[in-house]
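Reviewing the structure listed below.
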Protein chains: 2
Amino acid sequence: MSDKRTRAPRNTLNPELIVTTALRLMAADGVEAFSLRALAKELGVGPMALYTYFRGKDELFDAVRDHLLGTRRLATAKGPWQQQIRSVATGLRELLLEYPCLLRILASRPLKGPETAAVTETLVRALREAGFSKENAARAYTMLFTFVLGAALWESQMNAEKQDPEGRRRLRATMASLSEVDYPTVVDLAGELAATSGGDAQFEFGLRALVAGLEPLLD
Amino acid sequence: MSDKRTRAPRNTLNPELIVTTALRLMAADGVEAFSLRALAKELGVGPMALYTYFRGKDELFDAVRDHLLGTRRLATAKGPWQQQIRSVATGLRELLLEYPCLLRILASRPLKGPETAAVTETLVRALREAGFSKENAARAYTMLFTFVLGAALWESQMNAEKQDPEGRRRLRATMASLSEVDYPTVVDLAGELAATSGGDAQFEFGLRALVAGLEPLLD
DNA sequence: CGGCGTACAGTACACCGTACAGTAGCGGCA
DNA sequence: TGCCGCTACTGTACGGTGTACTGTACGCCG
């Protein structure tokens with residue numbers, strides 16, 4: 001970023017710059033390849049400079065997560081409550097798929113605070129307005145959220161595996177090597193399982209079924 | 001494990017011993033605290049000895065995952081297909097909650113092979129026997145699996161956060177600090193959200209709704 | 001009993017997060 | 001305008017990690 005010889009001036013750093021740069025690096029090379037040292041080099045400072053703004057790597061991860069979760073407000077579509085809910089869930093999935101690092105952070109670090117409040121508010125409000133009781137709204141929210149999380153996580157990993165040709169080959173080899181006597185149904189459905197292992201249609205299918213299963217709770 | 005002075009005899013190691021010991025360490029101290037060096041020390045061996053059996057840490061993780069997924073066959077309850085499916089899903093959740101490290105491995109490393117074939121077979125067979133088409137069975141399976149994964153992941157992290165009193169305090173403080181004008185519904189449902197954020201009842205609720213949403217697909 | 005393959009040991013390297021102590025640039029006050 | 005103190009940044013260092021490469025001695029087989 002800057003020349004190698006100069007000492008970085010006094011106000012080169014601020015939390016937001018650090019977070020956005022960290023996010024850029026994580027999006028480029030993956031969370032696991034991310035390191036404080038690489039981030040510091042990218043910013044043209046020494047590694048320890050970051051500790052002025054964050055207690056450590058974990059806190060920086062939290063900040064990145066909060067940044068992503070706070071930046072986007074998920075829009076609620078107009079229409080019947082089923083559609084409203086589906087639109088929020090779809091928006092959340094898209095956010096998670098756009099930033100796999102966010103997915104990894106959510107999956108590896110417990111929530112500490114109000115980070116998800118925005119998406120929670122959106123979803124829970126739609127559920128309440130649809131007529132769900134307090135308890136059912138809370139339950140339905142948790143269910144929807146965890147479903148989207150799991151689906152996005154799985155999809156993201158399938159995508160990762162399908163990225164490199166070696167992974168594709170391995171997947172195919174695996175399917176072919178399955179014993180037909182041990183796993184007859186899996187072998188029979190190999191094609192369908194591979195075809196539906198991810199993608200918008202699969203998510204839409206699950207989401208519709210889930211929301212449909214919620215309807216009877218409205219009496 | 002052995003004295004410090006002696007050289008380890010020739011056949012102290014084998015893949016299974018390594019995997020089970022690794023699993024024990026991971027279950028005791030968490031996946032992130034696990035290191036090859038600690039494992040080697042536990043086995044009374046130098047770190048590089050492990051490389052005779054595994055290409056590296058990643059491959060060892062895969063082996064642990066396969067060990068856990070292969071050991072237990074999830075039982076299918078007798079009864080209507082809804083109940084069969086729910087029983088398998090519940091069994092999978094219990095396995096994931098019993099071994100949080102398995103959860104972490106599943107969430108961080110893409111599947112490479114037939115590891116999930118056993119649970120896939122169980123679920124997909126039940127769905128097919130219930131009368132679902134090939135495509136719908138595959139879709140329903142993927143949906144169920146990702147739901148259980150997401151729910152268990154979320155629950156496991158909530159549990160972790162609730163473990164230490166500091167985490168509990170932080171959760172409560174967070175709820176209290178939420179602005180009532182920004183997040184009125186969340187504040188209104190704070191109690192319900194906290195109460196339903198995990199546990200068997202929450203999972204059961206989600207699972208029932210999900211399976212109920214599947215029923216219309218049978219025509 | 002001897003030699004050979006290989007399961008283990010040892011050393012080394014690059015990299016990680018971060019504790020601790022020093023230094024220099026900037027804002028604010030005289 | 002000039003100086004002073006605060007603090008944002010630097011440097012060094014430590015203990016840890018995964019793992020590549022090289023050496024060694026053990027136990028099996030002829």
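Computed from a predicted model, the values in this text were never measured in an experiment. Letters A, B, ... mirror the listed sequences (proteins, then strands); counts begin at 1.
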Q. Does the distance from a Lys or Arg side-chain N to an Asp or Glu carboxylate O, for A:R72 and A:E98, drop under 4.0 Å?
A. yes
Q) Mapping B:P47 and A:Y53 onto DNA chain D by nearest heavy atom, which one lands closer to the 5' end? A) A:Y53
Q) So, does the side chain of B:R37 form a donor-acceptor pair with the base of D:dG16 at under 3.5 Å? A) no
Q) With respect to the side chain of B:P9, which nucleotide from D:dG27, D:dG18, D:dA8 is positioned closest? A) D:dG27
Q: Answer with yes or no after comparing the ring centroid distance for A:F54 and A:F61 against a 6.0 Å cut-off, counting only values under it.
A: no
Q) A:L50 has an atom CG; how far is it from atom P of C:dT18, in whole Å? A) 11 Å
Q. Of all the nucleotides listed (D:dC21, C:dC16, D:dC9), which has the minimum atom distance to the side chain of B:M48?
A. D:dC21
Q: Measure from the side-chain N and O atoms of A:Y53 to the backbone N and O of A:L13, and report whether any donor-acceptor pair falls under 3.5 Å.
A: yes
Q: Consider the side chain of B:S35, meaning its heavy atoms from C-beta on, and name the nucleotide among D:dA25, D:dT10, D:dG18 that approaches it most closely.
A: D:dG18
Q.
Side chain of A:Y51, heavy atoms from C-beta onward: which of D:dC9, C:dC8, C:dG17 has the nearest atom to it?
A. C:dG17
Q: Please examine the side chains of A:T142 and B:F205, heavy atoms only from C-beta on, and report whether any two atoms are closer than 4.5 Å.
A: no
Q: Would you kindly compare A:L13 and B:A33 by the position of their nearest DNA chain D nucleotide and give the one closer to the 5′ end?
A: A:L13
Q. What is the distance, rounded to the nearest whole Å, between atom NZ of B:K41 and atom C1' of D:dT17?
A. 13 Å
